[in-house]
Student: 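Below is a structure I'd like to ask you about.
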Amino acid sequence: VPSKDIRFLHFSVEYQYLTGKDGENFLYSGRYPSFSLSDEDASKYALLGTSLKNYSEALDAEMKSTKDSLTAEARAAYSGDDFSPYYYNAAIDFKRTDSVAASFLETRDSYTGGAHNDTEYTGRNFNTQTGGEMKLTDVIPDISTLPDFLTGKLQEKYPDVPFTDLQKNIGDLCGTTDGSGLKWTLGYYDLTFYFSPSAIAPYASGLLTVTIPFSQKPELFNPLYTTAPESCVIALRQGETQYIYPDGSSTAVEMTVNLANDSEEDFGKRIITLGTDTFTFNEDQSVYSVVPYFLHFSDGRNYLYLSCSGDNDYQSMEVYQIEGENVSYVGNLGNAGAGEDGFIDPGNFSLSSRLDILSTYGGQRRYHIANDGMPAADDDVYHLSEGLQLTSKADVVGDILDGQYQVAEKDVTVPSGTVFTLSRTDGETFADAILSDGRLLRLYVDTGDGWPQTVNGQDIENLFDGLRFAG
């Protein structure tokens, strides 16, 4: 049920990387998110902010401990050039983030030797007001009918999967009281159950899911959690059939987004199936993967956004409009893809771009959806995803900025040996850097025809150590 009283939550997400080596031998890698509520939301929802902070800190400690233990195991197992390094990665995908609930899917992917990796999916679901982690019975008070229902839905959706004792296994996961053995996430219009590889079927069957739209089984659900924002974004997965809701809650329509890869001629074509109709699009850019997002607006407009990755990790955002049973191409925003903090709020979200000013790095800026369905930037400045540091090899001249990024002192000379931490840029003419003493300096960069870049008329290679450019 749409409600204008529900507001979105916003997050800061940054992925951390760990490595383990023995001399020059690479043994282990790890990747995991560090995230928190925005300052505004942490103030408004302090209990939720504390719960998510505790979750993030516990994950950080676990991943660092795992790195130490698995690096030691890998060192013992190392067998030369044919050794496959171990890894343990964690990722999160937001499913619902508003003033009702914060729900995300946690994926753990690991390899510690053997024939294949192991992947486990877990839903984490928090009540936004209380900050408490929810039980399934908070959302579905009576789970007594779930074993039969889930068994039937799994058999219907996956007729070729060789299940064994499916109903018993589902019953064991449901338990007798709170369904604590089931993995699930809460969406804006539905609830999804996840069964990791080997949980109820052979490993080769992969991830199995069952989604229950609120509108199909309203008697199951606590009405508190079936109220949704009037506009929202639903994250989809490439190649998997999932529900979208073009009318804003009551009608669930199946959608699948995939890429053709069966021939060189068709490679990268976008194949979009809406209900029983399939649409094929052959855009100029060949891409290797897409992350799809369904956007519904309170005025009835519906869009499909595809965050595309192509050669050299080039990103673009393709936009398609959904009208009734038809899908049509709207346009493409180049050098922009979904950021690490997720695509949550259609009125306020960030996209990530590759920037090549004073080095190559990623930067993010805020956008909203314009009336034509395309992303529109809220400002001209990108914020860097990482604190890249340069050290000056000669005196550098720039303007000191105040806390509002206005020029406070012009033509200030900064001495050789100063550390510059890049923080903001327009991607074309300037870069703002935090100096060793905490001041903020604007460097004016002439990119010319691309190379060499100059500052104060001097080649940046002669001014800075630490430059790094991707090919």
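Atom set for the values below is all heavy atoms of this structure, side chains included, hydrogens, waters and symmetry mates excluded. Quantities reported herein were computed from a predicted structural model and do not represent experimental measurements.
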Student: Should Pro162 and Pro202 count as side-chain neighbours, where that means a heavy-atom distance under 4.5 Å?
Tutor: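 They are in contact (side-chain heavy atoms under 4.5 Å apart), so the answer is yes.
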Student: Determine yes or no for a side-chain-to-main-chain donor-acceptor pair under 3.5 angstrom, with Ser423 supplying the side chain and Asp432 the backbone.
Tutor: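 Side chain of Ser423 to backbone of Asp432, a donor-acceptor pair under 3.5 Å: yes, one is there.
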Student: For the CD atom on Glu325, are there more than 12 heavy atoms of other groups (residues, nucleotides or ligands in this structure) within a distance under 6.0 Å?
Tutor: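 Atom CD in Glu325 is not packed in, count stays at 12 or less.
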Student: Do Arg108 and Thr119 make a side-chain contact, defined as non-hydrogen atoms from C-beta onward lying under 4.5 Å apart?
Tutor: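 They are not in side-chain contact.
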Student: Any idea which heavy atoms bring Leu304 and Ile322 closest together, and the distance?
Tutor: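 So the minimum-distance heavy-atom pair works out to CB-CD1, 4.2 Å.
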Student: Do other residues, nucleotides or ligands put more than 12 heavy atoms under 6.0 Å from the CG atom of Asp39?
Tutor: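 No, the 6.0 Å shell around CG holds no more than 12 heavy atoms from other groups.
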Student: Show the numbers, then the answer: is there a side chain to side chain contact (heavy atoms under 4.5 Å, CB included) between Thr211 and Leu191?
Tutor: CA-CA 6 Å; Thr211 297; Leu191 185 146; over 6 Å; no
Student: Just by distance, with hydrogens left out, do Asp426 and Thr429 show a side-chain donor and acceptor under 3.5 Å apart?
Tutor: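 Yes, side-chain donor-acceptor contact under 3.5 Å.
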Student: Should Lys67 and Glu62 count as an ion pair when the cut-off is N to O under 4.0 Å?
Tutor: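 Salt bridge between Lys67 and Glu62, a charged N being under 4.0 Å from a carboxylate O: no.
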Student: Is atom NZ of Lys168 surrounded by more than 12 heavy atoms (other residues, nucleotides or ligands) closer than 6.0 Å?
Tutor: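 Not buried by this count: 12 neighbours or fewer within 6.0 Å.
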Student: CG of Asp378: more than 12 outside heavy atoms within 6.0 angstrom?
Tutor: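 Yes, enclosed.
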Student: Quick check: do Leu150 and Ile170 have side-chain heavy atoms less than 4.5 Å from each other?
Tutor: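 Contact flag for Leu150/Ile170 side chains = yes.
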Student: If you apply the rule side chain to side chain contact (heavy atoms under 4.5 Å, CB included), what do you find for Val287 with Arg270, and how did you get there?
Tutor: CA-CA 9 Å; Val287 301; Arg270 289 59 154 170; 3.6 Å; yes
Student: Are the aromatic ring centres of Phe349 and Phe343 under 6.0 angstrom apart?
Tutor: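 Yes, the ring of Phe349 comes within the 6.0 Å limit of the ring of Phe343, centre to centre.
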Student: Looking at every non-hydrogen atom in both residues, tell me the closest pair between Phe8 and Asp41 and how far apart they are.
Tutor: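 That closest heavy-atom pairing would be O-OD2, 4.1 Å.
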Student: Check the pair Phe214, Phe221 against ring pair (Phe, Tyr, Trp, His ring centres under 6.0 Å), reporting the backbone distance first and the verdict last.
Tutor: CA-CA 7 Å; Phe214 300 148; Phe221 298 100; 4.8 Å; yes
Student: Just verifying a value: how many Å separate Ile140 CD1 and Lys135 NZ, rounded to the nearest 0.5 Å?
Tutor: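 The CD1 atom of Ile140 sits 15.0 Å away from the NZ atom of Lys135.
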Student: With a cut-off of 3.5 Å and sequence neighbours excluded, list every side-chain donor-acceptor pair involving residues 29-37.
Tutor:
{"residue": "Arg31", "atom": "NE", "partner": "Tyr17", "partner atom": "OH", "Å": "3.2"}
{"residue": "Tyr32", "atom": "OH", "partner": "Asp60", "partner atom": "OD1", "Å": "2.5"}

Student: Tell me the closest heavy-atom pair linking Thr209 and Arg237, and the distance in Å.
Tutor: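 Taking every non-hydrogen atom into account, CG2-NH2, 4.1 Å.
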Student: About how many Å separate OG of Ser289 and CG of Leu259, when rounded to the nearest 0.5 Å?
Tutor: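 That separation rounds to 7.5 Å.
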Student: Check the pair Asp190 / Ile212 against side chain to side chain contact (heavy atoms under 4.5 Å, CB included), numbers first and verdict last.
Tutor: CA-CA 5 Å; Asp190 53 32; Ile212 310 176; 5.9 Å; no
Student: Where do Gln389 and Thr421 land on the side chain to side chain donor-acceptor pair (under 3.5 Å) test, with the steps shown first?
Tutor: CA-CA 4 Å; Gln389 292 190 330; Thr421 302; 3.2 Å; yes
Student: Counting only N and O atoms by type, is there a donor-acceptor contact under 3.5 Å from the side chain of Asp98 to the main-chain atoms of Ala101?
Tutor: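 Indeed, once roles are kept as given, a pair shorter than 3.5 Å links the two residues.
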Student: To the nearest 0.5 Å, what is the distance between CG on Leu48 and CG on Leu9?
Tutor: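 Interatomic distance, Leu48 CG to Leu9 CG, rounded to 0.5 Å: 6.5 Å.
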Student: If you look at every heavy atom in Gly123 and Thr185, which pair is closest and at what distance?
Tutor: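 Distance-wise, the nearest heavy atoms are CA-CG2, 3.8 Å.
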Student: Looking only at the side chains, is there a donor atom on one of His10 and Asp345 sitting less than 3.5 Å from an acceptor on the other?
Tutor: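 There is such a pair (donor and acceptor under 3.5 Å, judged by atom type) between the side chains of His10 and Asp345.
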Student: Look up atom OG in Ser215 and atom CG in Asp247, then write down how far apart they are to the nearest 0.5 Å.
Tutor: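 Nearest 0.5 Å value for the OG-CG distance: 8.0 Å.
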Student: Quick one, Leu333 with Leu351, criterion side chain to side chain contact (heavy atoms under 4.5 Å, CB included). Give me CA distance, side-chain angles, the key distance, then yes/no.
Tutor: CA-CA 10 Å; Leu333 180 64; Leu351 296 180; 3.9 Å; yes
Student: With Tyr320 as reference, evaluate Asn302, Val330, Ile272 under the side chain to side chain contact (heavy atoms under 4.5 Å, CB included) test and give the passing residue.
Tutor: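 Between Tyr320 and the candidates, side chain to side chain contact (heavy atoms under 4.5 Å, CB included) is satisfied uniquely by Ile272.
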Student: State, with a plain yes or no, whether a side-chain heavy atom of Ile244 is found less than 4.5 Å away from one of Leu236.
Tutor: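 The answer is yes; the side chains approach within 4.5 Å.
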Student: Hey, do the aromatic rings of Tyr55 and Phe104 have their centres closer than 6.0 Å?
Tutor: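 Judged by ring-centre distance (under 6.0 Å), Tyr55 and Phe104 do meet the cut-off.
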Student: Spell out, as yes or no, whether a donor-acceptor pair under 3.5 Å connects the side chain of Gln453 to the backbone of Leu358.
Tutor: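 Yes, Gln453 side chain to Leu358 backbone: donor-acceptor pair under 3.5 Å.
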Student: Side-chain contact, heavy-atom cut-off 4.5 Å: Gln16 with Met63?
Tutor: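 In short, these two side chains do not touch, never coming nearer than 4.5 Å.
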Student: Please answer whether the main-chain N or O of Ala46 pairs with a side-chain N or O of Thr50 as donor and acceptor at a distance below 3.5 Å.
Tutor: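 The answer is yes, because a donor-acceptor pair under 3.5 Å joins these two groups.
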Student: Exactly one of Tyr194, Trp184, Phe94 should register a side chain to side chain contact (heavy atoms under 4.5 Å, CB included) with Leu105. Which one does?
Tutor: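 It is Tyr194; the other options fail the test.
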Student: Side-chain contact test, heavy atoms from C-beta onward, threshold under 4.5 Å: evaluate it for Leu295 versus Ile369 and give yes or no.
Tutor: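 Leu295 vs Ile369: side chains touch.
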Student: Checking side chain to side chain donor-acceptor pair (under 3.5 Å) for the pair Tyr188/Arg96: CA distance, chi angles, key distance, verdict?
Tutor: CA-CA 6 Å; Tyr188 295 105; Arg96 177 170 185 164; over 6 Å; no
Student: Walk me through whether Tyr225 and Asn127 qualify under side chain to side chain donor-acceptor pair (under 3.5 Å).
Tutor: CA-CA 10 Å; Tyr225 299 106; Asn127 181 297; 3.1 Å; yes
Student: What are the two closest heavy atoms between Gln238 and Asn258, and how far apart are they?
Tutor: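 Residues Gln238 and Asn258, closest heavy atoms: NE2-OD1, 3.6 Å.
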Student: Between Asp148 and Thr151, does a side chain to side chain donor-acceptor pair (under 3.5 Å) hold up when you go through it step by step?
Tutor: CA-CA 5 Å; Asp148 288 343; Thr151 298; 5.6 Å; no
Student: Kindly indicate whether a cation-pi arrangement holds for Arg424 with Tyr405, taking the cut-offs as under 6.0 Å to the six-membered ring centre and within 45° of the axis.
Tutor: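 Yes; both conditions hold, so Arg424 lies above the ring face of Tyr405.
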Student: Mind checking the OH-OG spacing from Tyr361 to Ser353? Nearest 0.5 Å is all I need.
Tutor: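 Taking OH in Tyr361 and OG in Ser353, the distance rounds to 11.5 Å.
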Student: Run the ring-centre check on His296 versus Tyr245 and record whether the distance is less than 6.0 Å.
Tutor: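 His296 vs Tyr245: aromatic centres not under 6.0 Å.
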Student: Is any side-chain heavy atom of Leu173 closer than 4.5 Å to a side-chain heavy atom of Phe195?
Tutor: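 They are in contact (side-chain heavy atoms under 4.5 Å apart), so the answer is yes.
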Student: Are the charged groups of Lys44 and Glu40 less than 4.0 angstrom apart, N to O?
Tutor: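 No.
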Student: Taking the six-membered ring for Trp, are Phe281 and Phe279 parallel (under 30°), tilted (30 to 60°) or perpendicular (over 60°)?
Tutor: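 Rings of Phe281 and Phe279: parallel, as their planes differ by under 30°.
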Student: Measuring only between side-chain heavy atoms, which start at C-beta, is Phe126 closer than 4.5 Å to Leu52?
Tutor: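 With C-beta onward as the side chain, the pair touches.
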Student: Roughly how far apart are Glu133 CD and Asp138 CG, rounded to 0.5 Å?
Tutor: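 Reported value, rounded in 0.5 Å steps: 10.5 Å.
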Student: Within a radius of less than 6.0 Å around CD of Glu219, do more than 12 heavy atoms belonging to other residues, nucleotides or ligands occur?
Tutor: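 It does: Glu219 CD has more than 12 such atoms within range.
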Student: Looking only at heavy atoms, which two atoms of Gly334 and Ser316 are closest? And how far apart?
Tutor: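 Scanning both residues, the minimum pair turns out to be CA-CB, 4.2 Å.
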Student: Assess the side chains of Asp311 and Tyr288: does a donor N or O sit below 3.5 Å from an acceptor N or O?
Tutor: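 Side-chain D/A pair, Asp311 to Tyr288: present.
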Student: Above 12 or not: heavy atoms from other molecules or residues under 6.0 Å from CG of Asp277?
Tutor: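 More than 12 heavy atoms, drawn from other residues, nucleotides or ligands, come within 6.0 Å of this atom.
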